[in-house]
Enquirer: 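I'd like to ask some things about the structure below.
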Amino acid sequence: MTVTSGEDKIKWWKDAKFGMFIHWGLYAALGRGEWVMYELNIPVRDYERLAETFNPVRFNAKTWVGLAKAAGMKYIVITAKHHDGFAMFRSQAEPFNIADATPFGRDPLQELAEECREQGIVLCFYYSHVIDWHHPHAVHNKYNNVWDYDTDSKHFPTYWNGLAKPQIRELLTQYGPVGLLWFDTAGGLSKEDSEELVELVRSLQPDCLINSRVSHYPGMGDYQSKGDNEIPMYGEDSRAWETPMTLNQSWGFSTKDQVWKQPEAIIRKLVHIVSKGGNLLLNVGPDAGGLIPDLSAERLREVGAWLSVHGEAVYGAAASPFPYEMEWGSVTVKPGRVYLHLTSDDWRKELRLYGLKNKIKQAYVLSDASRTPLVTAQNYDAGMDHHTMAIRLPDEPANDCMTVIAVDIEGELSVDMRLSQQPSGHVKLEWANGRIDAEAKTVEWSFQIVAPGTFDLELVCFQKEGASWDEAFREGIEAASGNRRFTAQPKPDQVVKNSTACQHPYSEVHSHLGTIVFDRPGTCTLSLRSALIRPKSGFTEIWQADPVKLRAVKLIKRQ
Ligand code: GLC
């Protein structure tokens with residue numbers, strides 16, 4: 001992967017799509033995630049003692065970088081310093097670092113930098129710039145070490161000028177070009193301090209990208225970091241974005257957490273993210289010996305095997321032009337070609353797609369080297385101004401997880417951008433695609449009904465583990481279409497297993513709101529009023545996000 005520079009400096013990253021997040025630090029020795037010091041209120045002195053025996057001699061930069069490569073990842077973001085304040089690199093600014101405070105005595109970032117250069121992977125650093133539980137003067141607006149230090153007597157500039165900035169300088173001067181700096185948890189940092197940090201990075205390495213978590217002020221940095229494990233709706237973000245995601249449910253090494261995502265789920269999520277224009281930063285948590293757990297490595301290799309065949313439809317691909325999720329999978333595009341990523345679960349004989357206006361030249365299974373043409377048909381209904389395309393699919397999926405159909409088109413891609421009922425009869429209306437009035441707490445959609453009928457109205461929400469449903473819907477919800485208007489008290493009727501867009505600590509919950517009739521084809525409208533409706537340009541970190549998030553309304557056509 002070659003890093004782009006100047007005005008185009010984010011291009012390499014946008015094309016890369018898939019990166020490896022590595023949460024590795026002293027906390028690995030305790031095997032219960034990277035927040036262990038805070039959760040157990042471990043005194044600084046005791047925590048420092050962990051360093052005396054930290055000796056990850058099985059760490060091998062070549063193996064780690066090789067694994068990222070085998071997984072089809074293009075960049076690595078490793079925790080140079082996490083919230084525990086322990087630097088995983090040789091630092092003049094603070095002796096509490098892996099090279100000086102442990103028997104290991106090596107600088108793993110140096111070794112990784114060399115190996116990344118060797119294997120063509122872009123190296124990037126995570127740096128916890130505000131939370132630091134080790135330093136007596138670090139101040140966050142919420143998560144501080146209050147068991148060792150008195151927050152009132154803290155002097156933030158001592159930390160900021162004496163540790164954070166010098167270490168960031170070290171990271172940008174000791175390891176050659178750095179692809180991006182991934183800051184985290186900026187709560188309480190002033191706008192001026194955030195801007196100063198951005199300036200510092202720009203002055204040292206102008207091409208180094210910066211994620212939005214550098215500040216709690218919206219729009220800073222070069223791209224948007226979504227909340228942990230958060231996959232946005234279509235059109236929710238107006239700038240480049242990335243979902244940081246766990247492979248199990250933890251970032252740092254954990255002996256207890258064995259809830260692993262399966263390779264199929266990861267592939268689906270990756271493609272889904274790319275189809276919405278984002279990147280996936282997928283995490284591994286190496287142990288205190290320096291090994292990436294086998295269960296992680298196996299999964300990543302399987303994802304890499306799929307990508308080695310289907311990478312053309314992922315790397316450098318643009319988002320789906322259709323402003324809604326497909327029920328059968330996801331869409332990505334490149335000039336002259338549309339990729340339909342079909343999940344193998346409910347394989348069908350024929351795929352129908354609405355809204356593609358271009359004439360099809362040919363369609364074939366991407367993994368089929370001989371490009372055997374698939375039978376296609378196209379139809380245009382002038383009365384409704386409605387395009388339909390049908391592809392006869394092979395009897396069996398070509399891949400156990402996801403089969404990609406490449407559709408070569410004539411001319412420049414042109415699609416019907418209106419929200420539309422799908423060939424299955426259903427309509428999915430995500431709120432980011434509606435007209436939102438944040439003050440009135442309403443959202444309204446216009447959409448095309450192709451096959452009229454009676455529809456069940458289903459509310460789709462993401463509910464955080466432990467969140468109170470009743471609290472979220474205290475005021476009920478109101479739906480209206482034409483003269484039909486009703487209020488409902490949504491109940492958590494159904495929890496969807498294996499949701500592609502939703503994951504721990506949230507789960508996708510559907511509620512039946514009522515039924516509604518659309519009795520003729522054409523443009524229809526629906527509006528919703530709920531206390532959960534938010535302005536669209538939300539700045540989301542996982543702890544700022546609502547415990548119950550309204551996501552969409554689904555109209556399910558009765559047969
Ligand atoms: C949160 C957590 C942190 C983790 C990060 C990954 O900010 O505090 O432990 O590093 O998310 O996105």
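As the structure is a prediction and not an experimental result, all values here were calculated from the model. Each ligand, and each atom within it, is numbered from 1 in the order the structure gives.
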Enquirer: To the closest 0.5 Å, what do you measure between CE (M88) and OH (Y127)?
Expert: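 OH of Y127 is found 14.0 Å from CE of M88.
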Enquirer: Roughly how far, to the nearest 0.5 Å, is the CD atom of E430 from the OH atom of Y234?
Expert: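 Reported to 0.5 Å precision, the distance equals 8.0 Å.
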Enquirer: Of the listed options (W35, W251, Y27), which comes nearest to atom 2 (C) of ligand 1 when hydrogens are ignored and any heavy atom counts?
Expert: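 It is W35 whose heavy atom sits nearest to atom 2 (C) of ligand 1.
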Enquirer: Which of these passes ring pair (Phe, Tyr, Trp, His ring centres under 6.0 Å) with Y38: Y47, Y143, Y27?
Expert: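 Exactly one option meets the ring pair (Phe, Tyr, Trp, His ring centres under 6.0 Å) with Y38, and it is Y143.
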Enquirer: Of all the atoms in ligand 1, which lie at a distance below 4.0 Å from a heavy atom belonging to H82?
Expert: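 Those qualifying, in numeric order: 3 (C), 4 (C), 9 (O), 10 (O).
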Enquirer: Using a 4.0 Å cutoff against the non-hydrogen atoms of E34, which atoms of ligand 1 qualify?
Expert: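 Checking each atom against E34, I get 3 (C), 4 (C), 9 (O).
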Enquirer: What distance separates Y126 OH from E34 CD, expressed to the nearest 0.5 Å?
Expert: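 Result: 7.0 Å between the selected atoms.
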Enquirer: Against heavy atoms of W182, which atoms of ligand 1 measure under 4.0 Å?
Expert: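 The atoms of ligand 1 under 4.0 Å from a heavy atom of W182 are 12 (O).
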Enquirer: Hey, which atoms in ligand 1 end up nearer than 4.0 Å to a heavy atom of Y126?
Expert: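 That gives atoms 10 (O) of ligand 1.
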Enquirer: In terms of side-chain geometry, is the basic nitrogen of E242 or K226 positioned less than 4.0 Å from the acidic oxygen of its partner?
Expert: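 No, this pair does not count.
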